[in-house]
Amino acid sequence: MATKIKILAGVLLASSVAAGVALALPAYSVVTYYYSDEAKTDEVGSSVLTCNGNYTLAGQQTQYATVEREWCGNTQWPN
């Protein structure tokens, strides 16, 4: 009985992993620059979210930031 439960649990786990999760691509690519202070004179990090959904972060994130975005063209109406 315990073996049947283990097999069933394994099959359910494998099928849920194989099914995956569908995620929407972003409407915009986003580049964020992070600064050490409110004057934004010393850049200490940056992050990039690309149109294909890849995200990278270099350096450190702070509360002082500027954001640039560009429409990816994968939606009908940009905001």
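Heavy-atom basis, side chains included; hydrogens, waters and symmetry copies ignored.
- For the pair V48/T50, a side-chain contact is recorded, criterion being any heavy-atom separation below 4.5 Å from C-beta on.
- Using a 4.5 Å cut-off on side-chain heavy atoms (C-beta onward), V67 and V30 make contact.
- The environment of CD in E70 is sparse: at most 12 heavy-atom neighbours from other residues, nucleotides or ligands sit within 6.0 Å.
- Residues Y64 and D42 form no side-chain contact, since every pair of their non-hydrogen atoms from C-beta on lies 4.5 Å or further apart.
- Residue C72 comes nearest to S29 through the heavy atom pair SG-N, 3.3 Å, listed as atom of the first residue, atom of the second, then distance.
- Under the 4.5 Å side-chain heavy-atom criterion for grouping Ile, Leu, Val, Met, Phe, Trp and Tyr, L49 is connected to Y34 within one hydrophobic cluster.
- Residues satisfying the side chain to side chain contact (heavy atoms under 4.5 Å, CB included) criterion with Q60, sequence neighbours excluded, are V44, T62.
- Cluster annotation: V31 is connected to Y35 through the hydrophobic network of ILVMFWY side chains, with a link wherever side-chain heavy atoms come within less than 4.5 Å.
- One distance of note links CG of N54 with CG of L25; it measures 10.0 Å at 0.5 Å rounding.
- Across every non-hydrogen atom of S47 and Y55, the tightest pair is CB-OH, 3.3 Å.
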